K.L.:
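The following block contains the structure, expressed as structure tokens.
None of these values were measured; they are calculated from a predicted model.
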Amino acid sequence: MVAWPGQTRLARELASEAARPHSWPGLGAVAPESLTIILVPDQRRLDSLTRGRAPHWGAGLALPESRTVVLRADLADVRVTLRHELAHLALHQRVPVRVPLWFDEGYAGWAAGEWERLGGLELNLALARGAVPDLASLDAALRGPEPTVGAAYALAMSAVVELARRNPTGALEPLFALLAAGEDFDAAVLRTTGLSPGRFEEVWRRSVRTRYTAVTWLVAGGGWAVLAFVVLWFGRWRRGRDAARRAALDEGWVVPDDPPEEAELDRDSKS
């Protein structure tokens, strides 16, 4: 464990968490191998250590080849981030073959229990309109700008969940068994789901469109956004419509002089 001054206590807690065996979905209990965890104080130090490999919005980074995890200490969810990065290491520890980025990130999000990401999809207007990316575009979105990356991670999780659901067991164990034996990812998907990669993509995209519709968006809170927009628009329209009338009312107004009685009283009081 490597940490900066002032972070010793948090570093010890994280090291203790990482040293415990974890049970991962589809992988079972995985005894952690030796690894290095670097706890950095902020984004600037993260950029320095990773030479800009980590996105500016990133909370951490896992390097399976060197079994190294880098975490930002200035974020509130550092323990969830640790579990996410440990899931990456567990996956690569058990699976020797290459897996797509969407599967790697989607599995880590599932294993870390980041279910709130899926809840966020209910308020995604693009999905409500039926705009679901293909898996190649999803890989690119996972390394994209911050405004869209949250939805990309959630969609990756949904794709991994769909892989499990399409297996007769409803789990990932059969897929991981083939991958651990060295089977190619696409071939393993075909054998465990009966779907070719292209067909699986179609099924997954259709499932997302079916689940996240305009009705779902409205029920989840999008309707309040529409209502707020309508109220603001109506207020601006009303002010614009009444502007000419208010200007006309202002014309011809003259502030009258003091009445003679009040003027006389003012002179008497001064004398």
Side-chain angles (χ1 to χ4, degrees), residues 1-20 22-25 27 30 32-93 99-124 133 137-161:
M1 191 81 199
V2 179
W4 267 246
Q7 298 168 345
T8 304
R9 179 178 178 180
L10 177 59
R12 287 174 177 168
E13 293 174 356
L14 295 176
S16 177
E17 173 68 18
R20 289 199 295 267
H22 290 80
S23 182
W24 303 104
L27 295 174
V30 179
E33 296 179 350
S34 176
L35 72 151
T36 300
I37 301 176
I38 304 175
L39 184 64
V40 299
D42 49 38
Q43 178 62 41
R44 184 183 65 82
R45 189 69 66 174
L46 178 63
D47 287 339
S48 175
L49 288 179
T50 61
R51 298 181 181 180
R53 290 179 59 181
H56 71 276
W57 43 260
L61 184 71
L63 304 172
E65 300 84 0
S66 61
R67 296 198 58 78
T68 301
V69 170
V70 186
L71 301 171
R72 284 177 55 180
D74 60 329
L75 300 180
D77 55 353
V78 62
R79 289 173 176 79
V80 176
T81 303
L82 172 63
R83 185 169 176 83
H84 182 104
E85 306 305 343
L86 290 177
H88 281 304
L89 297 187
L91 172 63
H92 288 272
Q93 182 177 326
V99 298
L101 179 61
W102 63 264
F103 182 83
D104 202 341
E105 293 295 351
Y107 176 76
W110 180 7
E114 299 170 4
W115 300 111
E116 72 282 356
R117 291 187 182 275
L118 293 178
L121 289 179
E122 296 176 349
L123 283 171
N124 189 290
S137 299
L138 183 57
D139 278 353
L142 286 166
R143 293 295 179 260
E146 185 175 5
T148 59
V149 75
Y153 273 82
L155 285 171
M157 284 181 61
S158 74
V160 174
V161 171

K.L.:
Work out which heavy atom in G106 is nearest to a heavy atom in M157; give both atom names and the distance.
P.N.:
O-CG, 3.5 Å
K.L.:
Can you tell me if D42 uses its side chain to pair, donor with acceptor, with the backbone of R45 under 3.5 Å?
P.N.:
yes
K.L.:
What's the separation between atom CH2 in W102 and atom OG in S137, rounded to the nearest 0.5 Å?
P.N.:
14.0 Å
K.L.:
Nearest heavy-atom pair of A15 and M1: which atoms, and what distance?
P.N.:
CB-SD, 4.0 Å
K.L.:
How many angstroms lie between CG in D77 and CG in L82, if you round to the nearest 0.5 Å?
P.N.:
11.0 Å
K.L.:
If I take atom CG from residue L63 and atom OG1 from residue T68, how far apart are they, to the nearest 0.5 angstrom?
P.N.:
5.5 Å
K.L.:
How long is the span from the CG atom in L61 to the OG1 atom in T81, to the nearest 0.5 Å?
P.N.:
11.5 Å
K.L.:
Please collect all salt bridge (charged side-chain N to carboxylate O under 4.0 Å, His left out) contacts where either partner lies in residues 61-71, sequence neighbours excluded, each pair once.
P.N.:
E33-R67
K.L.:
Strictly by ring pair (Phe, Tyr, Trp, His ring centres under 6.0 Å), give each pair with a member in residues 58-80 just once, sequence neighbours left out.
P.N.:
none
K.L.:
Under the side chain to side chain contact (heavy atoms under 4.5 Å, CB included) rule, collect the residues that match up with S16, sequence neighbours excluded.
P.N.:
R20
K.L.:
Given 3.5 Å as the limit, does a donor-acceptor pair link the side chain of S158 with the main chain of L155, or not?
P.N.:
yes
K.L.:
Residues two or more places apart in sequence or in another chain: which of them pass side chain to side chain contact (heavy atoms under 4.5 Å, CB included) with H88?
P.N.:
A62, H84, E85, D104, E105, A108
K.L.:
How would you list, by chain and number, every residue that makes a salt bridge (charged side-chain N to carboxylate O under 4.0 Å, His left out) with D74, sequence neighbours excluded?
P.N.:
R72
K.L.:
Using atom types as modelled, flag every donor-acceptor pair under 3.5 Å from a side chain in residues 6-14 to any protein atom, sequence neighbours excluded.
P.N.:
from : atom 1 : to  : atom 2 : distance (Å)
Q7   : OE1    : W4  : N      : 3.4
E13  : OE1    : R79 : NH2    : 2.4

K.L.:
Hey, could you give me the CH2/CG distance between W24 and L86, rounded to the nearest 0.5 Å?
P.N.:
5.0 Å
K.L.:
Which heavy atom of V149 sits nearest a heavy atom of L142, and at what distance?
P.N.:
CG2-O, 3.6 Å
